[in-house]
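Data block below; observations after.
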Amino acid sequence: MTAEPLTTRSLVTGAHEDFPTKPAGRRRNRRWIGRVVLNLALTLGALTMVVPFIWMIATSLKSPAELAEFPPTFLPKVWEWSNYPEALQAAPFATYFRNSFIISASHTIITLIFAAMAGYSLARIRFRGRELVFLGFVAMLMIPTYTKIVPQFLLVKFMPLFGGNDVLGQGGSGWLNTWWALIIPGGLSATAIFLFRQFYLSLPTELAEAARIDGLSEFRIFSRIYTPLIKPAIATVALLTFQESWNNFLWPLLVTTRDDLRVIQVGLAVFQQLDGTQWQYLMAGTTMATIPMVLLFLFCQKYFIQGFTNAGIK
């Protein structure tokens with residue numbers, strides 16, 4: 001039989017019961033205080049994120065007279081539900097929603113297909129200059145988005161053999177006011193390629209070796225073995241791509257002037273006039289434009305959270 005360790009309490013009383021010493025109690029108190037501080041910080045952060053959305057919805061249900069009151073009220077005194085149908089009648093929002101969905105869905109599909117292929121190639125296929133190509137993509141991540149606007153616009157404007165342009169890209173409008181300008185330039189991103197590469201690197205190489213022994217081609221290994229295992233990466237890239245495309249304002253504004261090609265974010269500007277802003281309609285339109293992204297996140301949040309917690313970084 002082994003002797004039980006004696007504690008400070010047992011030395012005094014002769015008992016063999018283990019009682020927590022003061023340092024252990026202090027550690028528990030510190031951990032409890034740390035949890036309380038953490039929960040308070042998270043609650044404050046959650047309120048900071050949620051309050052603007054509540055303010056947006058409340059403003060969309062106020063009357064113009066109530067919006068002009070000072071000090072402003074947080075919740076509307078009279079709930080003006082008619083602001084929503086009136087906002088929809090002020091501009092062809094059905095067309096704007098359709099255009100935004102087509103563009104966002106096209107960007108998402110193109111990104112998932114080609115970024116997954118590029119990420120797999122950089123992670124699993126050995127070829128000369130692979131690391132240099134990857135460093136090039138990493139360098140692209142450091143370039144601010146708005147610095148690329150002018151070069152992209154010039155490429156679209158002087159696209160050869162489109163919009164009346166000759167072989168040298170002169171004489172016409174190129175891709176301006178076309179679906180090409182809205183879809184092709186935003187169809188792929190270095191961020192998506194980087195994320196896919198990191199996720200493919202996190203998978204074991206033994207899967208590919210076993211598949212090659214069974215006679216599978218490289219494309220079948222990519223499509224049937226590896227890609228089904230990275231659902232968090234697919235959901236994360238899809239959600240980020242769709243969100244970025246849905247909220248894009250500057251690029252559609254630059255490359256289109258036709259009302260039938262406008263997107264929802266540009267369409268909301270109809271409520272901002274020189275003589276004033278119709279805040280109740282603007283907030284109503286903004287609320288309706290936010291709903292698709294909220295629903296998409298609710299459906300994809302399981303894989304989205306997994307994608308960011310795991311990160312696929314090896």
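For an aromatic pair to be called close, the ring centres must be under 6.0 Å apart, and Phe196 with Phe199 fails this.
Counting heavy atoms from C-beta outward, Gln280 and Pro64 have side chains that approach closer than 4.5 Å. Residues Phe162 and Thr178 fail the side-chain proximity criterion, which asks for heavy atoms closer than 4.5 Å. The closest side-chain heavy-atom distance from Trp179 to Ile102 is below 4.5 Å. The closest side-chain heavy-atom distance from Ile103 to Ser106 is not below 4.5 Å. Using a 4.5 Å heavy-atom threshold, the side chains of Leu38 and Leu42 count as touching. Side-chain atoms of Ser60 and Asn83, non-hydrogen and from C-beta on, never get closer than 4.5 Å to each other. Contact of the Leu188 side chain with the Ile193 side chain is registered, since non-hydrogen atoms from C-beta on lie closer than 4.5 Å. With contacts defined as side-chain heavy-atom distances shorter than 4.5 Å, the pair Val237/Thr191 does not qualify.
In terms of heavy atoms, Leu253 sits closest to Arg262 at CD1-NH1, 3.6 Å. Nearest heavy atoms, Pro252 versus Val266: CB-CG2, 4.2 Å. What you find for Trp55 and Thr59 is that their closest heavy atoms are O-OG1, 2.7 Å. Nearest heavy atom pair, residue Ala211 against residue Ile225, reads CB-CG1, 4.3 Å. The minimum heavy-atom distance linking Ala208 with Ile221 is given by the pair O-CD1, 4.0 Å. Considering every non-hydrogen atom in both Phe271 and Ala90, the closest pair reads CE2-CB, 3.5 Å.
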* Leu40 vs Leu44, side-chain contact (heavy atoms from CB on, under 4.5 Å): CA-CA, chis, key distance, verdict -> CA-CA 6 Å; Leu40 288 176; Leu44 181 61; over 6 Å; no

* **CA sep, side-chain torsions, deciding dist, call: Asn248, Gln265, side-chain contact (heavy atoms from CB on, under 4.5 Å)** => CA-CA 7 Å; Asn248 196 359; Gln265 306 301 335; over 6 Å; no

* To do: Test side-chain contact (heavy atoms from CB on, under 4.5 Å) on Thr227 and Ile234 and set out the steps.
  => CA-CA 9 Å; Thr227 301; Ile234 296 173; 3.9 Å; yes

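Following chains of ILVMFWY side-chain contacts shorter than 4.5 Å, one cannot reach Met56 starting from Val51, and the two form parts of different hydrophobic clusters. A chain of hydrophobic side-chain contacts below 4.5 Å, direct or via other Ile, Leu, Val, Met, Phe, Trp or Tyr residues, connects Trp279 to Trp81. With hydrophobic clusters built from ILVMFWY side chains whose heavy atoms lie under 4.5 angstrom apart, Met288 does not share a cluster with Leu298. Residues Ile291 and Val294 are members of separate hydrophobic clusters, defined by side-chain heavy-atom contacts under 4.5 angstrom among Ile, Leu, Val, Met, Phe, Trp and Tyr. In the hydrophobic clustering of ILVMFWY residues, with side-chain heavy atoms under 4.5 Å counting as a link, Ile113 and Ile125 come out together.
Side chain of Asp166 to backbone of Leu168: a donor-acceptor contact under 3.5 angstrom is found. For the pair Asn99 (side chain) and Val263 (backbone), a donor-acceptor distance under 3.5 Å is absent. Under a 3.5 Å cut-off, the side chain of Thr111 and the backbone N or O of Thr108 do not form any donor-acceptor pair. A donor-acceptor distance shorter than 3.5 angstrom exists from the side chain of Trp246 to the backbone of Ala289, with no hydrogens or angles considered. Checking side-chain atoms of Asn177 against main-chain N and O of Thr257 turns up a donor-acceptor pair under 3.5 Å. Between the side chain of His107 and the backbone N or O of Ile184 there is no donor-acceptor pair closer than 3.5 Å. Although no hydrogens or angles enter the test, the distance criterion places no donor-acceptor pair under 3.5 Å between the side chain of Asn165 and the main chain of Leu161. Counting only distance, with no hydrogens or angles, the side chain of Trp251 and the backbone of Ala181 share a donor-acceptor pair below 3.5 Å.
Within a 6.0 Å sphere centred on CZ of Phe53, heavy atoms belonging to other residues, nucleotides or ligands number 12 at most. For Phe101, the CZ atom is loosely surrounded, since the number of other residues' heavy atoms within 6.0 Å does not exceed 12. With a 6.0 Å radius and a threshold of 12 heavy atoms from other residues, nucleotides or ligands, Glu244 has its CD atom at or below the threshold. For Phe114, the CZ atom sits in a loose shell: 12 or fewer heavy atoms of surrounding residues, nucleotides or ligands are nearer than 6.0 Å. For Arg128, the CZ atom sits in a loose shell: 12 or fewer heavy atoms of surrounding residues, nucleotides or ligands are nearer than 6.0 Å.
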Listing, residues 138-158 side-chain donor-acceptor contacts under 3.5 Å, not counting sequence neighbours, or none:
residue	atom	partner	partner atom	Å
Thr147	OG1	Pro144	O	2.6
Lys157	NZ	Gly172	O	3.1

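Of the candidates Tyr281, Phe93, Tyr96, Leu268 forms a side-chain contact (heavy atoms from CB on, under 4.5 Å) with just one, namely Phe93.
The stretch residues 218-228 participates, sequence neighbours left out, in these salt bridge (charged side-chain N to carboxylate O under 4.0 Å, His left out) pairs: Arg212-Glu218. Counting only residues at least two apart or in different chains, salt bridge (charged side-chain N to carboxylate O under 4.0 Å, His left out) contacts with residues 55-80 comprise Glu69-Lys77. Screening residues 201-233 for ring-ring contact (aromatic ring centres under 6.0 Å, His included), with sequence neighbours left out, gives Tyr120-Phe222, Tyr120-Tyr226, Phe219-Phe222.
With rounding to the nearest 0.5 angstrom, the CG atom of Leu75 is 10.0 Å from the CG atom of Leu61. Of the inter-residue distances, the one linking Leu240 atom CG with Ser245 atom OG reads 12.5 Å to the nearest 0.5 angstrom. A distance of 13.5 Å separates CZ of Phe134 from OG of Ser121, quoted to the nearest 0.5 Å. Here Leu195 contributes atom CG and Tyr200 contributes atom OH; the two are 12.0 Å apart, rounded to the nearest 0.5 Å. Between the CD1 atom of Ile109 and the CD1 atom of Ile183 there is a distance of 10.0 Å, given to the nearest 0.5 Å. If you take CZ on Arg124 and CG on Leu203, they are separated by 6.0 Å, rounding to the nearest 0.5 Å.
With sequence neighbours excluded, no residue forms a salt bridge (Lys or Arg N to Asp or Glu O under 4.0 Å) with Arg130. With sequence neighbours excluded, the residues that form a salt bridge (Lys or Arg N to Asp or Glu O under 4.0 Å) with Arg258 are Asp260.
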